[in-house]
Amino acid sequence: MAWWQSAVVYQIYPRSFADSDADGIGDLGGIAARLDYLAELGVDVLWLSPIYPSPQDDNGYDISDYRDIDPTFGTLTDFDALLAAVHERGMKLVMDLVVNHTSDEHPWFVESRSSRDNPKRDWYWWRDEPTNWRSFFSGPTWDLDDATGQYYLHLFSRKQPDLNWENPEVRQAVYSMMRWWLDRGVDGFRMDVINMLSKDPALPDGPGGDGSPYYLCGPRIHEFLQELHREVVAGRDGQLLTVGEMPGVTLENAKLFTDPARGEVDMVFQFEHVQLDQGSSKWDVRPLRLTDLKRSFGRWQSGLAERGWNSLYWNNHDQPRVVSRFGDGSPEAAKMLGTVLHMHRGTPYVYQGEELGMTNYPFTSIDEIRDIETLGHYAEAGPASFEAVRAMGRDNARTPMQWDASAHAGFTTGTPWLSVNPNHTEINAEAQRRDPDSVFHHYRRLIELRHDEPAVAHGDFTMLAPQDERLYAFTRRYEGTELLVLANFSGEPLEVDFPDDAEPGDQPGAPPQASGIKLADAAPADVAMEATQMRRYHEVWVEKNGGRTLLGLSGIPATRFRGVVRFLEEFAGGGDADMARYADEHSLSEQRYFNLLCMMFGHDPRSYSWVLDKGLLPEARAARCQNESDKIFKAWGALLSPHFSPSFRLARQLAQ
Ligand code: ISL
């Protein structure tokens, strides 16, 4: 198995992460100062959005020198120090590779545009007549260059001319640059719009100005990526990560791109799930239908089950914040969304601030927005488009990282290049690190789970209840372990209907029933009872391992966990052997005992009353379970895990 199958990647948008020199723009020094935070979160890989010299027309996705660092961010020496510090902490660092286009200020383009017979003329796409293609950033994709009287192609801004990958010199120049970074010690690349490299050289007009049929996954794309892999990646030590950003990629093509036998890329970013809440364009905003999301994810999960690999993401620097987009902005929604994504099969990507539940920004005026894409759209569409801009604009993701409650959220002591979200007084890293129930610690546990629980990294995936508009439910199975994840995607409490006739002995591999959730023999009535009452944006996990069943809940108030520890202390004397003895004395089967604990640490009051009703716990003692110290709370994982490993790992991690 490849190392990245159990890894989690964290995306840093350097402009907005942390500023060390008070110019209001994040930089390498800022990142270096926050590495311990990232190590605490537990991520394996850092991906840096572009830090190369750039006129910053598209915040660095317009590169004017591939072999240096933009002075705004630091120097190559700073970079080497950062890389060493990342490696020292056992993490890896992946660079953004933007080679579909350069900046118009890159020396290659400066030469190319200097005359029609310049040797680099053919490094870009020059034509006497433009086609009707429209740019991603509004307006045409062709600009007339007055000096030479020809048009050049730019799928993005006019300052981002497209390289001509038909020219072998271009390809070799890129490979050589990539090797230079790998030799420097970087651990791989996130490849910007890499499925746009191969264009139909005829560049025909597209339907309604849409040129994408002629540049998305064009005729030579697999050949180019195989060549790139051969020239750059192959023969290195297998510790690298390559992920291709591929707008519009189909599942069928993604299977080819990520089939290890073909030697192209390790995984791709596909866009299907982030286009489900839109109509004709990203600005035509529609409500998400959960059934569409499940159909899409389910298809990708099964499509890449045998060969290839998924990347998993809700957020990046181009997408609005998921907690505002698919949730209601609350920490509950942030945790629920995190659990759903991270329990899928694939490599999860966390975009900076997602681990805090950072939300969209409450923009009130176009003057607050800096993003070239959004401004281009607004200029064309006018003020009526402002609601869509607020909902979908990329600057939602780009506001500064919220480190603490101080002015500018601890991001900078200068004036931030983009305003800090006023909610930083509540949503910030400092507060969340102190709070064991925070979104931060929830993400930390999810990441730990992927490292520790093979069913999370490697288990198969079965979508359940595909027709339900509120419940997101699936199972993951690996060897003897089965994990069931139930998530209430709605803002209302949800009754989940568990069929009474759940067949005992449900075999791994058996197809799920089309309606309802089938809890097999190992899930007794008490688990079902808990799960039938799902709070808003709430998730429940059940792990079956052999005959044992474990229920885990997120957002568990620490007091309840402390209550469990007290219960153990009181009844079991604090030691593993005593604890087991207690279970024996009370004739509790291991399963029963587990379920009892589960009831205890669920914070649905019905769990408690149920325990009491059944006479499993004297009322007085239950009451005392409410107040315990942090010390005991922390001790609980250590106390329990050896005893109930491996099933109990889930609970332990949720509890920490
Ligand atoms: O942002 C988008 C959706 O609104 C996409 O169309 C996005 O432009 C596309 O996914 C490509 O993105 C990448 O390349 C762009 C750059 O602006 C993005 O930031 C980058 O992620 C051009 O380099």
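Numbering of ligands and ligand atoms starts at 1, following listing order.
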Can you tell me how far apart CG (Asp57) and CZ (Arg158) are? Round to the nearest 0.5 Å.
9.5 Å
Provide the number and element of each atom of ligand 1 under 4.0 Å from a heavy atom of Pro247.
10 (O)
Can you tell me if Arg398 contacts ligand 1 (heavy atom of the residue under 4.0 Å from the ligand)?
yes
Which is it for Met392 and ligand 1 at heavy atoms under 4.0 Å: side chain, backbone, both or neither?
neither
May I have the step-by-step check of side chain to side chain contact (heavy atoms under 4.5 Å, CB included) for Tyr175 and Glu227, ending in yes or no?
CA-CA 9 Å; Tyr175 305 151; Glu227 183 182 79; 2.6 Å; yes
Taking 4.0 angstrom as the limit and counting only heavy atoms of Phe271, give me the atoms of ligand 1 inside it, by number and element.
10 (O)
Which protein heavy atom lies closest to atom 6 (O) of ligand 1, and at what distance to 0.1 Å?
Phe136 CD2, 3.6 Å
Closest by any non-hydrogen atom to atom 23 (O) of ligand 1: pick that one out of Asp371, Asp192, Asn100.
Asp192
Is the contact between Met246 and ligand 1 made by the side chain, the backbone, both, or neither, using heavy atoms and a 4.0 Å cut-off?
neither
Below 4.0 Å, non-hydrogen atoms only: which portion of Glu245 touches ligand 1? Side chain, backbone, both or neither.
side chain
Taking non-hydrogen atoms only, is Phe137 closer than 4.0 angstrom to ligand 1 via side chain, backbone, both or neither?
side chain
Distance (rounded to the nearest 0.5 Å) between Asp78 CG and Leu28 CG:
6.0 Å
Atom indices of ligand 1, in the order listed, that fall short of 4.0 Å to a heavy atom of Asp58:
15 (C), 16 (C), 17 (O), 22 (C), 23 (O)
So for Arg190, does at least one of its heavy atoms come nearer than 4.0 angstrom to any atom of ligand 1?
yes
Would you tell me whether Asp210 and Trp133 have side-chain atoms, one donor and one acceptor, within less than 3.5 Å of each other?
no
In ligand 1, the atoms that come under 4.0 Å of a heavy atom of Val193 are 11 (C), 14 (O)
Give me the nearest non-hydrogen protein atom to atom 5 (C) of ligand 1 as residue plus atom name, then the distance to 0.1 Å.
Glu373 OE2, 4.4 Å
Per-atom filter on ligand 1: closer than 4.0 angstrom to a heavy atom of His101 are 22 (C), 23 (O)
Counting from 1 in the order shown, the ligand 1 atoms closer than 4.0 Å to a non-hydrogen atom of Lys282 are 3 (C), 4 (O)
So if I apply the side chain to side chain donor-acceptor pair (under 3.5 Å) rule between Trp309 and each of Thr258, Asp266, Thr347, which one comes out positive?
Thr347
Any heavy atom of Gln275 under 4.0 Å from ligand 1? The part involved is neither
Geometric class of the Tyr13/Trp417 ring pair [parallel <30°, tilted 30-60°, perpendicular >60°]
tilted
Return the residue, atom name and 0.1 Å-rounded distance of the protein heavy atom closest to atom 8 (O) of ligand 1.
Phe156 CE2, 3.5 Å
Interfacing atoms of ligand 1 (cut-off 4.0 Å, heavy-atom, Arg394):
1 (O), 8 (O), 16 (C), 17 (O), 18 (C), 19 (O)
So, the side chain of Thr141 versus the backbone of Ser135: is there a donor-acceptor pair under 3.5 Å, distance only?
no
Checking Asp58 against Gln160: is there a side-chain donor and acceptor pair closer than 3.5 Å?
yes
Please state which protein non-hydrogen atom is closest to atom 21 (O) of ligand 1 and give its distance, to 0.1 Å?
Asp318 OD2, 2.5 Å
List the steps and the verdict of side chain to side chain contact (heavy atoms under 4.5 Å, CB included) for Phe109 and Glu105.
CA-CA 7 Å; Phe109 188 74; Glu105 297 181 35; over 6 Å; no
Are any side-chain N or O atoms of Asp395 and backbone N or O atoms of Arg370, one a donor and one an acceptor, separated by less than 3.5 Å?
yes
Pair Phe257-Cys217, side chain to side chain contact (heavy atoms under 4.5 Å, CB included): steps then yes or no
CA-CA 10 Å; Phe257 284 121; Cys217 300; 3.9 Å; yes
Do side-chain atoms of Gln301 reach the backbone of Arg345 as a donor and acceptor pair under 3.5 angstrom?
yes
